[in-house]
Amino acid sequence: MSFQRLSVHSFFGWILYAGLSLGLAACAQLPTWLAAPAAAPATTPGQTKQSAPKLAVAPAVADEPDLPKQDLTEAVLYEFLLAEIAGQRGAVGLSAQAYADLAKQTRDPRIAKRAAEVALYARMPAAAIEAAKIWYEAEPSSMQALQTLASLLIGAKRQDEALPYLQKLLEGDDGADGFLTLSRLLANSPDKAMTLKLVQQLAQPYPDTAQAHFAVAQAAAGAGQAELALTEARAASTLKPDWDLPALLEAQLLQRQSNALAQQRLAAFLERYPKAREVRMSYARLLVADRKYSEARAEFQTLSKDFPDSVEVVFAVGVLSLQLQDYALAEANFKRLLTLPYRDKDTVRLYLGQIAEERKDYPEALRWYEEVEGGEQYLQAQVRYALVLNKQGKLDAARAHLRQVEVSSEQERVRLLLAEAQMLRDANRLREAFDLIGNALKSMPDQPELLYDHAMLAEKLDRVDLLESNLKKLISLQPDHAHAYNALGYSLADRNLRLPEAQGLIEKALQLSPNDPFIIDSMGWVLYRMGKSRQALEFLRKAYSVRPDPEIAAHLGEVLWVAGEHGEAEKIWLEASKKTPDNDALNSTIKRFER
C-alpha cells in the first residue's frame with residue numbers, strides 16, 4: 001500500500017490502521033504512545049523482570065495546537081513501530097535508540113518524553129538526558145519535563161549544566177515551593193558534598209525564605225556537616241516558626257548528641273503548636289527510646305484524642321504500644337485499623353498475630369496469621385505460623401507447613417530453610433539442622449545466608465574445618481560481610497587458636513561495622529585471650545552498655561573476675577541471669593567461677 005501523508009494529530013488512529021493493514025498482529029495490540037501505558041518489555045533469559053515505564057494518559061486523537069506540525073512519513077512510522085515492538089520483545093536498548101532518533105526528528109514533546117523514559121529504563125543516562133532536553137525545549141511550560149531533566153543531570157554529576165534548570169524551579173513565590181521540590185530531586189544524589197555546594201549556591205539569593213534555609217540544612221545533614229545543618233534548620237524555624245519540618249530535623253540532629261536535647265526541642269515546639277501531629281509522634285518515639293513510658297503513654301492519649309480517625313496516628317500508637325509491651329492498647333489500635341481505610345491490613349494482621357503470640361494465645365495467633373493470604377507479608381506470616389506450631393510442641397507439623405509453602409524465588413526458599421533449621425536448632429537437633437542446610441548448599445553452593453548458617457552449625461558440632469572453609473568462601477563472595485570475619489575470628493579466639501590471625505579478622509569486621517556490639521565483644525574476647533585484660537575490659541564494657549546480651553555479660557563478668565573485680569562481676573552476672581535465666585553460656589561461666 002502507499003502511505004498517505006498525515007499530520008501528527010491523526011497519528012494515533014493511523015498507527016492502529018497501519019498495524020492492521022500491514023498484518024502486524026502485534027502492532028494491532030500495541031497501545032499508542034500516550035493513549036495508554038505500554039506493556040512491559042518481555043523478560044529475556046537471565047534478565048530480572050522490571051516494571052514498564054509509566055506514561056501519562058492523553059486522548060488518542062485531539063486538537064493540540066501547541067504540538068509541532070509535521071507529516072507522518074514512512075520513516076517516522078517505521079521508527080515508531082520499531083521502537084514499540086523492540087520494547088515489547090525485551091530489546092530495550094534498541095527501543096531506546098529508536099525513540100531517541102524519533103525524538104530528534106519530530107521534536108514532539110510526547111515522543112521525547114517516551115524516549116527519556118525508555119532510555120532511563122534501559123540504563124542509558126546520556127540518551128535519557130538528550131531526550132529530556134528535547135522534551136523540555138518542545139514543552140517549556142512542563143514542570144515534569146524540567147524536573148526530569150534537572151534530576152537526570154544531577155544523577156550524572158553534571159551539576160554546572162543542571163544549575164540553570166534548577167534555578168528555573170525556584171522562579172516565583174520567593175522560591176518556596178521550588179526549594180521543597182529541589183530537596184526531593186536531590187535526595188538520592190550520590191555526591192553529598194557537591195549537592196550541598198549546589199544548594200548553597202541556589203539558596204544564596206533567598207535569605208528571607210525559610211524553605212531555602214531548610215534545603216541547605218537537609219543538604220548539610222546529608223553531607224555530614226551537623227553544625228551547619230543545625231544553624232540552617234534554626235534559621236528556617238525563625239523565619240517560619242509554625243513549620244514542623246525544621247523542628248523535626250533539628251531534633252534529629254540533636255539526638256546524635258543526646259535524646260534529652262531532642263526531647264527539649266520537640267517539647268518546646270508542642271508547647272506553642274500542640275496540634276502538630278508529626279512532632280508529637282516523634283516526641284512519643286523519643287520518650288519510648290528513653291524508657292520514659294508513663295510520659296509516652298500520655299502522648300499516645302493526646303494523639304488518639306486529637307486525631308481519632310488518622311490511620312497514621314492509630315498505626316503509630318499501635319506500634320509504640322507494642323514496643324512498650326502494652327498489648328491491650330496495641331491490640332485495640334490494630335483492630336481499629338482494620339475498620340479504617342488503611343491500605344496494608346495484612347501488616348496489621350501480622351502485628352495482631354505477634355500480640356497473641358506474646359500472650360501465649362497460640363490458637364488466636366494462628367488465626368491471624370492464616371488470614372494473611374497474599375502480598376508482601378504472606379511469607380512472614382507462614383514462617384510465624386510454623387513457629388507457633390513449634391511453640392505448641394508440634395515440630396513435625398511446623399516443618400511440614402514450611403515445606404508446603406509455595407515460593408517464587410530462591411531467596412524465599414532460603415528464608416523457609418533457615419526458619420526450619422532454627423526450629424531444629426532450638427530443639428537441640430543440631431545434626432538434622434546441619435544436614436538440612438548442607439543438602440540445600442548442594443544446589444545453591446554460593447548462597448551467602450546458607451553458607452553462614454552452615455558455618456554456625458558446624459561450630460556447634462565442633463567441625464572447625466567446615467566452619468573455616470564456609471566462612472572463607474563467604475568472605476570471597478562478599479568481602480564486606482562483617483559478620484563472616486567476626487564469626488571466624490571469634491571462633492578461633494574462643495578456642496585459643498591462631499590468636500593474631502583472629503585479632504586481624506575481628507579488626508576487619510570492626511572496620512566494616514564499628515558500632516556492632518557483638519563485634520566489639522569479640523574484640524574484647526580476643527584481647528583477653530591474648531592476655532591484654534585491661535584493653536579487653538574497655539571493649540567489653542562498651543559492648544555491654546550498647547547491648548546487655550547474656551553472652552556479652554558472661555565475657556565481661558569473666559574478665560572482671562580474673563582481674564579481681566569479683567563484686568562487679570557478680571553484679572553483672574546476676575543482672576543478666578534475671579533477664580535470661582536459661583542461657584547456657586552465661587550459666588556455665590558462672591558455675592566455673594562461683595564455687
Side-chain angles (χ1 to χ4, degrees), residues 256 258 291 452 455-468 470-472 474-475 479-595:
R256 298 175 188 177
S258 77
R291 302 185 181 183
Y452 185 81
M456 296 302 95
L457 288 162
E459 195 272 340
K460 295 288 185 184
L461 296 171
D462 208 27
R463 289 290 307 275
V464 182
D465 56 332
L466 273 176
L467 163 82
E468 189 165 345
N470 277 358
L471 291 177
K472 285 185 174 179
L474 177 53
I475 288 169
D480 59 348
H481 197 301
H483 287 283
Y485 291 99
N486 180 60
L488 182 53
Y490 175 80
S491 297
L492 293 173
D494 203 41
R495 290 171 171 79
N496 263 323
L497 299 173
R498 294 151 37 204
L499 294 179
E501 180 184 345
Q503 183 180 5
L505 288 163
I506 297 168
E507 284 174 348
K508 177 65 176 177
L510 266 180
Q511 289 174 12
L512 293 168
S513 186
N515 299 315
D516 189 303
F518 294 107
I519 299 176
I520 296 169
D521 169 70
S522 296
M523 180 57 73
W525 196 238
V526 74
L527 289 169
Y528 168 62
R529 292 296 201 193
M530 297 173 81
K532 302 175 181 178
S533 296
R534 183 176 297 179
Q535 291 174 261
L537 280 174
E538 292 179 16
F539 283 95
L540 293 171
R541 288 187 196 277
K542 181 179 179 181
Y544 191 68
S545 69
V546 175
R547 178 159 182 155
D549 180 84
E551 293 193 24
I552 297 176
H555 292 159
L556 176 56
E558 178 170 337
V559 178
L560 285 167
W561 187 281
V562 171
E565 301 289 342
H566 294 182
E568 188 177 355
E570 289 177 333
K571 179 182 176 183
I572 288 169
W573 286 336
L574 180 62
E575 181 183 81
S577 293
K578 287 179 179 178
K579 294 179 182 176
T580 52
D582 299 324
N583 185 270
D584 292 337
L586 178 62
N587 290 334
S588 63
T589 300
I590 294 172
K591 285 178 183 177
R592 277 193 292 117
F593 291 97
E594 288 194 332
R595 301 183 187 278

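This is a predicted model, so every value here is computed, not measured.
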Rounded distance (nearest 0.5 Å) linking atom CG of D521 with atom NE2 of H555: 5.5 Å
- request: Look up atom OG in S491 and atom CG in D462, then write down how far apart they are to the nearest 0.5 Å.
  value: 10.0 Å
message: How close do A482 and I519 get, counting heavy atoms only, and between which atoms?
response: CB-CD1, 4.1 Å
message: Treating R547 as the side-chain partner and P517 as the backbone partner, does any N or O pair qualify as donor plus acceptor under 3.5 Å?
response: no
- prompt: Measuring from E551:CD to L556:CG, what's the distance to the nearest 0.5 Å?
  reply: 13.5 Å
message: I'd like to check the side-chain contact (heavy atoms from CB on, under 4.5 Å) partners of K532; sequence neighbours left out, ordered by chain and number.
response: L527, M530, Q535
- request: Could you pull out all residues at least two apart from H481 that satisfy side-chain hydrogen bond (donor to acceptor under 3.5 Å, both in side chains)?
  value: none
Minimal non-hydrogen separation, L586 against A576, with atom names: CD2-CB, 3.7 Å
query: What residues form a side-chain hydrogen bond (donor to acceptor under 3.5 Å, both in side chains) with K460, not counting sequence neighbours?
result: none
- prompt: Do S588 side-chain atoms and A585 backbone N/O form a donor-acceptor pair below 3.5 Å?
  reply: yes
Spacing of CG belonging to L510 relative to CG belonging to N486, to within rounding of 0.5 Å: 8.0 Å
By ring-ring contact (aromatic ring centres under 6.0 Å, His included) - contacts of Y528 (at least two apart): W525
Using distance only, find each side-chain donor-acceptor pair of residues 561-571 under 3.5 Å and give its atom names and separation, not counting sequence neighbours.
| residue | atom | partner | partner atom | Å |
| --- | --- | --- | --- | --- |
| H566 | NE2 | W561 | O | 3.3 |
| E568 | OE2 | R541 | NH1 | 2.5 |

query: Of all residues at least two apart in sequence or in a different chain, which pass the side-chain contact (heavy atoms from CB on, under 4.5 Å) check with T589?
result: A554, E558, W573, R592, F593
- prompt: Charged N to carboxylate O below 4.0 Å: is that the case for K472 and E468?
  reply: yes
statement: With sequence neighbours left out, the residues meeting side-chain contact (heavy atoms from CB on, under 4.5 Å) with N587 are none
- request: Return the minimal non-hydrogen interatomic distance between L499 and A493, and the atom names on each side.
  value: CD2-CA, 3.7 Å
field: Heavy-atom side-chain proximity of N470 to Y452 below 4.5 angstrom
entry: no
query: With ring centroids as reference points, do Y490 and H483 lie under 6.0 angstrom apart?
result: no
- prompt: Should the heavy atoms of other residues, nucleotides or ligands under 6.0 Å from CZ of R256 be counted, would the total exceed 12?
  reply: yes
query: Got a sec, which residues hit side-chain contact (heavy atoms from CB on, under 4.5 Å) with S258, two or more places apart in sequence or on another chain?
result: A260, L261
For residues 501-508, run the donor-acceptor check on the side chains, cut-off 3.5 Å, and write out each pair with its distance to 0.1 Å, sequence neighbours left out.
| residue | atom | partner | partner atom | Å |
| --- | --- | --- | --- | --- |
| E501 | OE1 | R498 | NE | 2.8 |
| E501 | OE1 | R498 | NH2 | 3.3 |
| E501 | OE2 | R498 | NH2 | 3.2 |
| Q503 | NE2 | E507 | OE2 | 3.3 |

query: For the atom pair CG (L492) and CG (L467), what is the distance rounded to the nearest 0.5 Å?
result: 7.5 Å
- line: For A458 and L466 the tightest heavy-atom approach is CB-CB, 4.0 Å
message: My understanding is that only residues two or more places apart in sequence, or in another chain, count here; which of them pass salt bridge (charged side-chain N to carboxylate O under 4.0 Å, His left out) with D465?
response: R463
field: Heavy-atom closest contact (P479 atom, L512 atom, distance)
entry: O-CD1, 4.0 Å
Under the side-chain hydrogen bond (donor to acceptor under 3.5 Å, both in side chains) test, residues paired with D549 that sit two or more places apart: none
task: Could you please spell out the steps behind the side chain to side chain contact (heavy atoms under 4.5 Å, CB included) verdict for L471 and Y485?
output: CA-CA 8 Å; L471 291 177; Y485 291 99; over 6 Å; no
message: Once ring-ring contact (aromatic ring centres under 6.0 Å, His included) is applied, do any residues pair with Y544, and if so which ones, sequence neighbours excluded?
response: none
query: Out of curiosity, L488 CG to S522 OG, how far, rounded to the nearest 0.5 Å?
result: 11.0 Å
